[in-house]
**Q** 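Sending over a structure as structure tokens; questions will come in a sec.
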Amino acid sequence: MGYRVAIVGATGEVGRAFLKVLEERNFPVDELYLFASERSEGIELTFKGERIKVQALNKVSSFSGIDIALFSAGSSISKEYAPKFASDGAVVIDNSSAWRLDPEVPLVVPEVNPEDVKEHKGIIANPNCSTIQMLVALKPIYDAVGISHIVVSTYQSVSGAGAKAIRELEEQVKAWCEGKEMPEAKNLPKRIAFNVIPQIDVFTENGYTKEEMKMLNETRKMLHDPEIRVSATCVRVPVFYGHSEAISVKLKGELSPEEAREILKKAKGVVVVDDPEERAYPIAIEVAGRDEVFVGRITRDLAFEPGLSMWVVADNIRKGAATNAVQIAELLHQYALV
Ligand SMILES: NC(=O)c1ccc[n+]([C@@H]2O[C@H](COP(=O)([O-])OP(=O)(O)OC[C@H]3O[C@@H](n4cnc5c(N)ncnc54)[C@H](OP(=O)(O)O)[C@@H]3O)[C@@H](O)[C@H]2O)c1
């Protein structure tokens, strides 16, 4: 038996990845409904060789008959429509930040806290992309010896800010190549071509950005560990796909880099690429399009004792968004929770 699945935000970067990932993983879809804004009404997208028309979300009054709704249309749409889909009988898996810290809503990464899906009341939140890849890499180490502190710097691609930010980088680079004046930043806070920007999302009262605070708050929620400390600096870089992270952790017990490497080699969803002498370490352009989280440069940290540092790279649109959400749908199927 298959499911009637809806994608809300189907024309966006994450929405289009949903179509690919559902097909590649052969998720049991009986019917697929695609929603976006009025701008995209009538556009056709392909799923398993079939053309499906996009419907304008605001023109639909009832969502009954949908079993699973994958949302990626931003927070305000999620706040307004996720409860409507849920009350009409669907389980919503939401990619925005709207519900992530709601105590009634499980926040789930299948490699980290799969059992939390069982607590759902109609809405399940998909975490922030940077937090997902960090925790897939750190959870096996957390389980082995414990982690008390995490210091992370991110190098986040423009696709993390949606389709418009990808075009912004393309247009700036094209103008530079043609010797023209580069267009002003519109979707990112500063010019991104040939630059790095230490701001993702808005600043909060304590001087950290919302993106940085997500890495702390979402980590605590998923690990069920209100004591763990996370200090993040989130930076946008001129890369199209793939977020990279330099992570240092303070451990609660001894663990050598060799032991960590062995643990991570056996961990679900993790690929270790770690032979610096051979220039083997994960890089965004090689990880784009993959579903796993790649880890390299695993060393003894020189600041934390005992501690480890590592380099973690994943495709933000796939494991950071679409793949993780489809894996949550697979858990719902596995546990018969739809
Ligand atoms: N990109 C990432 O790495 C990433 C990772 C994790 C989570 N997310 C989250 O996923 C969401 C979407 O991200 P994205 O990168 O896919 O953005 P995007 O490329 O800008 O796509 C946005 C989607 O939302 C739709 N939309 C916008 N306004 C709408 C409205 N009023 N009614 C219905 N649909 C509307 C758009 O439809 P139109 O084409 O018709 O405008 C489009 O399908 C965001 O909440 C983002 O924070 C993104």
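Throughout, residue positions are numbered sequentially from 1 according to the sequence presented. The shown structure was predicted, so the numbers you read here are calculated from the model rather than taken from an experiment. Just follow the structure's listing: the first ligand is 1, and inside any ligand the first atom is 1.
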**Q** Decide if the gap between the ring center of F35 and the ring center of Y81 is smaller than 6.0 angstrom.
**A** no
**Q** Return yes or no for this condition: an N or O of A321 is under 3.5 Å from an N or O of ligand 1.
**A** no
**Q** Could you give all pairs that pass the side-chain hydrogen bond (donor to acceptor under 3.5 Å, both in side chains) test and reach residues 299-308, with sequence neighbours left out?
**A** S248-D301, T299-S309
**Q** Please report the shortest heavy-atom distance between T204 and T209, naming the atom on each side.
**A** CG2-C, 4.0 Å
**Q** Counting only heavy atoms, tell me which of D315, V14, D201, I317 gets closest to atom 48 (C) of ligand 1.
**A**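 Going through D315, V14, D201, I317 one by one, V14 has the nearest heavy atom to atom 48 (C) of ligand 1.
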**Q** Residue-level breakdown please: for I77 versus ligand 1, do any non-hydrogen atoms fall below 4.0 Å on the side chain, on the backbone, on both, or on neither?
**A** side chain
**Q** Should the pair R4-D30 be classified as a salt bridge under the 4.0 Å nitrogen-to-oxygen rule?
**A**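 Looking at D30 together with R4, the answer is no, because their closest N to O distance does not fall below 4.0 Å.
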**Q** How far is atom 21 (O) of ligand 1 from the closest protein heavy atom, and which atom is that?
**A** G12 CA, 3.2 Å
**Q** If the plane angle is over 60° it's perpendicular, under 30° parallel, otherwise tilted; pick one for F27 and Y3.
**A** parallel
**Q** Using a strict 4.0 Å cut-off to heavy atoms of A36, name the atoms of ligand 1 that fall inside it.
**A** 33 (C), 34 (N), 37 (O), 40 (O)
**Q** To which protein heavy atom is atom 39 (O) of ligand 1 closest, and what is the distance rounded to 0.1 Å?
**A** T11 OG1, 2.5 Å
**Q** Give the atom numbers and elements of ligand 1 that come within less than 4.0 Å of a heavy atom of A163.
**A**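 That gives atoms 18 (P), 19 (O), 20 (O) of ligand 1.
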**Q** Can you pull out the closest protein heavy atom to atom 9 (C) of ligand 1? Residue, atom name and distance to 0.1 Å, please.
**A** N95 O, 3.6 Å
**Q** For atom 42 (C) of ligand 1, state whether the nearest protein heavy atom is under 4.0 Å away.
**A** yes
**Q** Compute the shortest N/O to N/O distance between L57 and ligand 1 and return yes if it is under 3.5 Å, no if not.
**A**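 So ligand 1 has no N or O lying under 3.5 Å from an N or O of L57.
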**Q** Considering only the protein, which heavy-atom contact is closest to atom 3 (O) of ligand 1, and what is its distance?
**A**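 Looking at atom 3 (O) of ligand 1, the protein heavy atom closest to it is N316 ND2, 3.1 Å.
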**Q** Does even one non-hydrogen atom of K164 get within less than 4.0 Å of ligand 1?
**A**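 K164 does not count as a contact of ligand 1 under the 4.0 Å cut-off.
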**Q** Charged N to carboxylate O below 4.0 Å: is that the case for K268 and E111?
**A**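 Judged by the 4.0 Å cut-off on N to carboxylate O distance, K268 and E111 do not form a salt bridge.
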**Q** Could you identify the single nearest non-hydrogen protein atom to atom 17 (O) of ligand 1 and state the distance to 0.1 Å?
**A** G162 CA, 3.8 Å
**Q** Partners of Y281 by side chain to side chain donor-acceptor pair (under 3.5 Å), sequence neighbours excluded?
**A**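 Y281: no side chain to side chain donor-acceptor pair (under 3.5 Å) contacts found.
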**Q** So which atom in N126 and which in A325 form the shortest heavy-atom distance, rounded to 0.1 Å?
**A** OD1-N, 3.4 Å
**Q** Tell me whether K84 is salt-bridged to D88, with the criterion being a basic N under 4.0 Å from an acidic carboxylate O.
**A** no
**Q** For ligand 1, which part of S159 has a heavy atom less than 4.0 Å away: the side chain, the backbone, both, or neither?
**A**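 Backbone only.
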**Q** Which atoms form the tightest heavy-atom contact between T154 and C234, and what is the distance?
**A** OG1-CA, 3.0 Å
**Q** Check A10 against ligand 1 and report side chain, backbone, both or neither, counting heavy atoms closer than 4.0 Å.
**A**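 Looking at A10 and ligand 1, just backbone atoms fall under 4.0 Å.
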**Q** In terms of side-chain geometry, is the basic nitrogen of D291 or R318 positioned less than 4.0 Å from the acidic oxygen of its partner?
**A**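 Salt bridge present between D291 and R318.
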**Q** May I ask you to identify the nearest protein heavy atom to atom 24 (O) of ligand 1, giving residue, atom name and distance to one decimal place in Å?
**A** A73 CA, 3.2 Å
**Q** Would you say that F63 contacts L57 through its side chain, given a criterion of any heavy-atom pair below 4.5 Å between the two side chains?
**A**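 Yes, at least one pair of side-chain atoms sits under 4.5 Å.
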**Q** Give the residue, atom name and distance (to 0.1 Å) of the protein heavy atom nearest atom 6 (C) of ligand 1.
**A** G320 O, 3.5 Å
**Q** Considering the heavy atoms of S40, write down every atom of ligand 1 situated less than 4.0 Å from one of them.
**A**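 Near S40, the atoms of ligand 1 are 38 (P), 39 (O), 40 (O).
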**Q** So, E168 versus N187: side-chain donor-acceptor pair below 3.5 Å or not?
**A**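 Result is yes, a qualifying pair exists.
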**Q** Looking at non-hydrogen atoms alone, which of G74, A325, S72, P127 comes nearest to atom 22 (C) of ligand 1?
**A**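 Looking at heavy atoms only, S72 sits closest to atom 22 (C) of ligand 1.
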**Q** Quick one: does R39 get an N or O within less than 3.5 Å of an N or O on ligand 1?
**A** yes
**Q** Do you see a protein non-hydrogen atom under 4.0 Å from atom 28 (N) of ligand 1?
**A**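 At least one protein heavy atom is under 4.0 Å away.
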